[in-house]
Every structure is written in structure tokens, then in C-alpha cells.
Chemist: 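This structure is in C-alpha cells; I'll ask about it shortly.
Heads up: numbering here begins at 1 and tracks the sequence. Both ligands and their constituent atoms are indexed starting at 1 by order of listing.
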Amino acid sequence: MQLPAYATLLTDIRNRVLTITVNRPDALNALSSRTVEDLEHCITAVAEVLHNDDGAWPVRGLIITGAGKAFVAGADIREMAAMSPDDAHDHSSRMHKVTLALEELPVPVIAAVNGYALGGGCELAMACDLIYAASNASFGQPEVGLGLVPGFGGSVRLPRRVGPGLARELLFTGRRLTAAEAREAGLVTAVFNSVDELLEGARSTLDLAARQSPAAIALVKRTLAETEGRRVPEALVTEADAFRAAFATEDKAEGTRAFLAKEPPNFPGR
Ligand code: COA
């Protein structure tokens with residue numbers, strides 16, 4: 001698939017893995033309105049292709065990372081200093097759309113956090129399925145130190161990721177977690193010694209996922225999104241629906257056939 005050139009993002013598709021690099025290193029990749037607009041365009045374009053795709057799956061996974069020493073050091077404070085309350089609401093709503101679109105992508109998305117993931121950076125990472133980190137990465141929601149509050153999902157997603165107690169502490173104090181602490185808190189699932197190893201680790205997970213049924217992964221992602229926070233009996237109804245849907249796919253026919261024939265599956269992706 002073809003993506004246009006973006007002012008604030010670099011994109012690269014290799015082995016059907018799309019890497020999106022937020023590219024404003026002079027501002028530690030802070031999310032300006034332009035960056036949010038670029039992200040919205042890019043994620044929407046990928047979603048359109050994948051949701052209307054008939055089994056070709058030109059993208060099997062996404063990696064989001066940052067250029068230079070930061071992942072993303074937050075929303076752009078310079079821009080926000082001059083923003084009206086109504087403009088701020090639009091900025092927040094627009095980035096909410098981006099984070100929801102990321103969560104709704106039918107393929108796995110990994111945030112490869114190569115440095116600071118503060119404020120909007122931590123929020124962008126939390127909209128990804130998995131967060132992998134370089135050992136020098138740090139995570140935090142420092143908004144209250146600026147008289148601000150999280151606007152890109154932090155107050156909603158952080159408690160779900162790390163639990164209500166630690167989330168409150170981080171949101172009230174702005175304290176940063178190291179990569180090791182973030183791993184212990186369950187925010188990060190793997191820590192790597194260098195940025196190269198981080199990106200390699202993310203690619204290797206996506207390559208492994210790309211050998212599974214894409215139709216099944218899409219169903220699992222949807223089930224996870226639709227059941228989060230719901231009561232178990234209702235959530236299990238959704239799971240049973242997904243189970244039924246899987247039985248109507250060609251991937252299920254191929255996966256079970258291949259297992260019984262003792263052959264590797266060749267999933268049609270539908
Ligand atoms: N918005 C806009 N610009 C930012 C930014 C942000 N969120 N974070 C960093 N920058 C800019 C700095 O203003 C600086 O620009 P300058 O060179 O024109 O002065 C440049 O990026 C480098 O940042 P600097 O602070 O000099 O780097 P550092 O290594 O000393 O410190 C941080 C790194 C991340 C600790 C520090 O930049 C910081 O605290 N950033 C803000 C984090 C934050 O509060 N985010 C939440 C926003 S709601």
C-alpha cells in the first residue's frame with residue numbers, strides 16, 4: 001500500500017509491517033496539531049485498506065516509534081500555551097479519534113518506546129496493543145505540573161493498564177516510571193538494551209503473529225476491545241459470537257485442515 005509523505009511522520013513498510021516514526025526530534029516529537037492530523041490521516045488510510053481488504057492483508061502489523069532520543073514528550077506545550085478552551089477540546093477529540101482508530105485496527109500494533117513517553121506520548125503508547133521499551137525509556141503523565149489534565153486518553157487508559165492506585169499516584173504527582181518499573185507495573189511487556197534490539201523485538205513479535213490467521217487475530221482484537229470492563233457473563237456472550245464468526249472463516253477451515261493433515265497452514269486471510 002502507498003502512503004503519502006507526511007510533514008511530521010516517517011513511514012516505512014517492510015515485510016508487511018508498517019513502521020510509523022513520529023519525526024519532530026527538535027521538539028522531542030511533541031504532538032502538535034499537525035502531527036495529530038498526520039497520524040489521523042495515516043491510521044485512517046491503513047484502516048480503510050485493512051477493513052475493505054479481501055484477504056490480501058498488505059499490512060500485518062504496525063510499529064509506532066519516535067525519531068531521536070524521545071518516543072513522544074507529550075502534546076506540544078508551545079502550541080497549547082496559546083490554545084483556547086474550545087480549540088483544546090477539538091485537539092483532545094481529534095487525538096481521541098486517532099487512539100480509537102489505532103485500537104480498532106484489525107492487526108496488532110506495538111509501541112516501540114525508545115525514550116521519553118510523557119503525557120500524550122504515554123497516551124499514544126497506551127492506545128497500542130503492546131508497549132515494548134528500550135531500557136532508557138520513561139513513562140509518565142506530567143500534565144498537572146502544567147495546570148493541565150490528560151487529554152489524549154490518559155485518565156481512562158492508565159488505570160486500566162496499571163490499576164487504579166498506581167494510576168492515581170502517577171496522575172497526581174507526574175512521577176515518571178523507568179522502563180523496568182513500567183514493566184513491573186504491567187504497562188510494558190518487554191524491555192530491550194538498545195533501540196535496534198527494541199525494533200527487532202517488535203518486528204519479531206509481529207512476524208510471529210503474521211504466521212497466524214489474520215481473520216482470527218482481527219476477531220480476537222475486536223473481542224478484547226468489546227469485552228474490556230464488561231461483566232463476565234455479558235463479555236462471554238461476545239466471545240461466543242466471535243467463536244461462531246471464526247467458524248465461518250476460510251482461515252478456520254484451512255487451519256484445522258492443515259493441522260489434521262500435519263501440514264503448515266496457508267491462511268487465505270478471510
Ligand atoms: N512540547 C513542546 N516542546 C517540547 C516538549 C513538549 N511537550 N517537550 C520538549 N520540548 C522541546 C523543548 O522545549 C526543547 O525545545 P528548545 O530546544 O526549542 O528549547 C526541546 O524539545 C528539547 O527539550 P529539553 O527540555 O531541552 O530536553 P531535556 O532532555 O532537557 O528534557 C524532558 C527532556 C522530556 C524531560 C523535557 O523536555 C520535558 O519535561 N518536556 C515536557 C514533558 C511534558 O510535560 N509533557 C506533557 C505535556 S502535556
Side-chain angles (χ1 to χ4, degrees), residues 6-10 20-40 64-100 102 111-128 131-162 166-183 185 187-188 191-192 194-195 198:
Y6 294 105
T8 66
L9 306 176
L10 301 172
I20 301 174
T21 305
V22 182
N23 187 34
R24 297 184 69 216
D26 292 347
L28 302 187
N29 305 321
L31 298 175
S32 61
S33 306
R34 183 59 204 256
T35 316
V36 172
E37 217 173 280
D38 286 350
L39 280 170
E40 185 180 15
I64 302 190
T65 192
K69 72 173 182 178
F71 175 69
V72 166
D76 192 310
I77 299 171
R78 198 173 297 280
E79 196 180 68
M80 288 192 297
M83 220 176 242
S84 72
D86 284 346
D87 288 347
H89 183 270
D90 290 348
H91 196 39
S92 167
S93 303
R94 191 152 204 186
M95 190 59 192
H96 284 159
K97 268 178 66 186
V98 171
T99 58
L100 290 170
L102 265 176
V113 177
N114 53 308
Y116 297 110
L118 303 177
C122 191
E123 292 169 306
L124 174 62
M126 289 190 291
C128 300
I131 306 177
Y132 284 3
S135 51
N136 67 335
S138 63
F139 297 81
Q141 297 288 159
E143 288 87 353
V144 289
L146 295 155
L148 292 168
V149 300
F152 297 169
S155 10
V156 178
R157 292 192 179 97
L158 190 62
R160 292 170 193 226
R161 291 269 181 170
V162 304
L166 181 59
R168 276 170 173 72
E169 185 199 318
L170 299 177
L171 291 163
F172 296 164
T173 64
R175 181 168 80 82
R176 291 186 214 149
L177 296 180
T178 62
E181 289 169 327
R183 180 164 191 190
L187 183 62
V188 160
V191 178
F192 299 85
S194 69
V195 172
L198 165 69

Chemist: When rounded to the nearest 0.5 angstrom, what is the spacing between CD1 in I131 and CZ in R183?
Modeler: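 Rounded to the nearest 0.5 Å, the CD1-CZ separation comes to 13.0 Å.
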Chemist: So, does E79 sit close enough to ligand 1 that a heavy atom of it is under 4.0 Å from the ligand?
Modeler: no
Chemist: Are the side chains of H91 and L31 in contact, using a 4.5 Å heavy-atom criterion?
Modeler: no
Chemist: Looking only at heavy atoms, which two atoms of R94 and V36 are closest? And how far apart?
Modeler: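 Shortest heavy-atom separation between R94 and V36 comes out as CG-CG1, 3.7 Å.
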Chemist: Can you spot which of L28, T21, I64 makes a side-chain contact (heavy atoms from CB on, under 4.5 Å) with F71?
Modeler: I64
Chemist: Judging by distance only, is a nitrogen or oxygen of R176 under 3.5 angstrom from one on ligand 1?
Modeler: no
Chemist: Taking the side chain as C-beta and beyond, is there a heavy-atom pair between E181 and L187 under 4.5 Å?
Modeler: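 Not touching, per the 4.5 Å side-chain cut-off.
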Chemist: Which ligand 1 atoms are under 4.0 Å away from a heavy-atom of L118?
Modeler: 34 (C), 42 (C)
Chemist: Answer yes or no: are there more than 12 heavy-atom neighbours, outside R168 itself, under 6.0 Å from its atom CZ?
Modeler: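 Atom CZ in R168 is not packed in, count stays at 12 or less.
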Chemist: To the nearest 0.1 Å, how far is atom 31 (O) of ligand 1 from its closest protein heavy atom, and which atom is that?
Modeler: Y116 OH, 4.3 Å
Chemist: Indicate yes or no: does D38 engage R34 in a salt bridge with an N to O separation below 4.0 Å.
Modeler: yes
Chemist: Could you tell me whether some N/O pair between A75 and ligand 1 is separated by less than 3.5 angstrom?
Modeler: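 Yes; at least one N/O pair falls below 3.5 Å.
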Chemist: Are the side chains of N23 and P25 in contact, using a 4.5 Å heavy-atom criterion?
Modeler: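 With C-beta onward as the side chain, the pair touches.
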Chemist: To the nearest 0.5 Å, what is the distance between CD on E123 and OG1 on T99?
Modeler: 8.5 Å
Chemist: Does the protein put a heavy atom under 4.0 Å from atom 26 (O) of ligand 1?
Modeler: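 It does not; no protein heavy atom is within 4.0 Å.
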Chemist: For A30, counting its heavy atoms only, list the atoms of ligand 1 lying under 4.0 Å from any of them.
Modeler: 1 (N), 2 (C), 6 (C), 7 (N)
Chemist: So is G74 polar-close to ligand 1, meaning N/O to N/O under 3.5 Å?
Modeler: no
Chemist: May I ask you to check if ligand 1 and L148 share an N or O to N or O distance below 3.5 Å?
Modeler: no
Chemist: Run through V162, L158, V156 and flag the one making a side-chain contact (heavy atoms from CB on, under 4.5 Å) with R160.
Modeler: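 Between R160 and the candidates, side-chain contact (heavy atoms from CB on, under 4.5 Å) is satisfied uniquely by V156.
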Chemist: Do me a favour and list the nearest non-hydrogen protein atom to atom 42 (C) of ligand 1 with residue, atom name and distance?
Modeler: A73 O, 3.4 Å
Chemist: Going by a strict under-4.0 Å cutoff (protein heavy atoms only), does atom 48 (S) of ligand 1 have a neighbour on the protein?
Modeler: yes
Chemist: Is the shortest heavy-atom distance from the side chain of V144 to the side chain of L171 under 4.5 Å?
Modeler: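 Heavy-atom side-chain distance check fails, nothing below 4.5 Å.
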Chemist: Answer yes or no for atom 21 (O) of ligand 1: protein heavy atom present at a distance under 4.0 Å?
Modeler: yes
Chemist: Considering only non-hydrogen protein atoms, determine which one is nearest to atom 19 (O) of ligand 1 and report residue, atom name and distance to 0.1 Å.
Modeler: R78 NH2, 4.5 Å
Chemist: Quick one: sort the F192 and Y132 rings into parallel, tilted or perpendicular, breaks at 30° and 60°.
Modeler: tilted
Chemist: Can a donor-acceptor pair be found, under 3.5 Å and without considering hydrogens, that links the side chain of D76 to the backbone of A30?
Modeler: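 No, because the side chain of D76 does not come within donor-acceptor range (under 3.5 Å) of the backbone of A30.
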Chemist: I'd like to know whether ligand 1 has D26 as a neighbour, heavy-atom separation below 4.0 Å.
Modeler: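 D26 counts as a contact of ligand 1 under the 4.0 Å cut-off.
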Chemist: Is any heavy atom of the protein nearer than 4.0 Å to atom 38 (C) of ligand 1?
Modeler: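 No, there is none.
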Chemist: Could you tell me, atom by atom, which parts of ligand 1 come under 4.0 Å of a heavy atom of L146?
Modeler: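 The list of qualifying atoms is 44 (O), 47 (C), 48 (S).
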Chemist: Just to confirm my output: which protein heavy-atom neighbour is closest to atom 46 (C) of ligand 1, and how far is it?
Modeler: P142 CG, 3.8 Å
Chemist: Would you say M80 contacts ligand 1, with heavy atoms under 4.0 Å as the rule?
Modeler: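 Checking ligand 1 against M80, which is what was asked, there is a heavy-atom contact under 4.0 Å.
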Chemist: Calculate, to the nearest 0.5 Å, the distance between atoms CD1 and CG belonging to I20 and L9 respectively.
Modeler: 6.5 Å
Chemist: Does the protein put a heavy atom less than 4.0 Å from atom 7 (N) of ligand 1?
Modeler: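 Under the 4.0 Å cut-off, atom 7 (N) of ligand 1 does have protein heavy-atom neighbours.
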Chemist: What residue and atom, counting heavy atoms only, is the protein's closest point to atom 23 (O) of ligand 1, and at what distance?
Modeler: L28 CD1, 3.6 Å
Chemist: Tell me: protein heavy atom nearest atom 30 (O) of ligand 1, and distance?
Modeler: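 Minimum-distance protein heavy atom for atom 30 (O) of ligand 1 reads K69 NZ, 5.0 Å.
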Chemist: Looking only at protein heavy atoms, which one is nearest to atom 5 (C) of ligand 1, and how far off is it?
Modeler: A27 O, 3.9 Å
Chemist: Considering only protein heavy atoms, which is closest to atom 1 (N) of ligand 1, and at what distance to one decimal place?
Modeler: I77 N, 2.9 Å
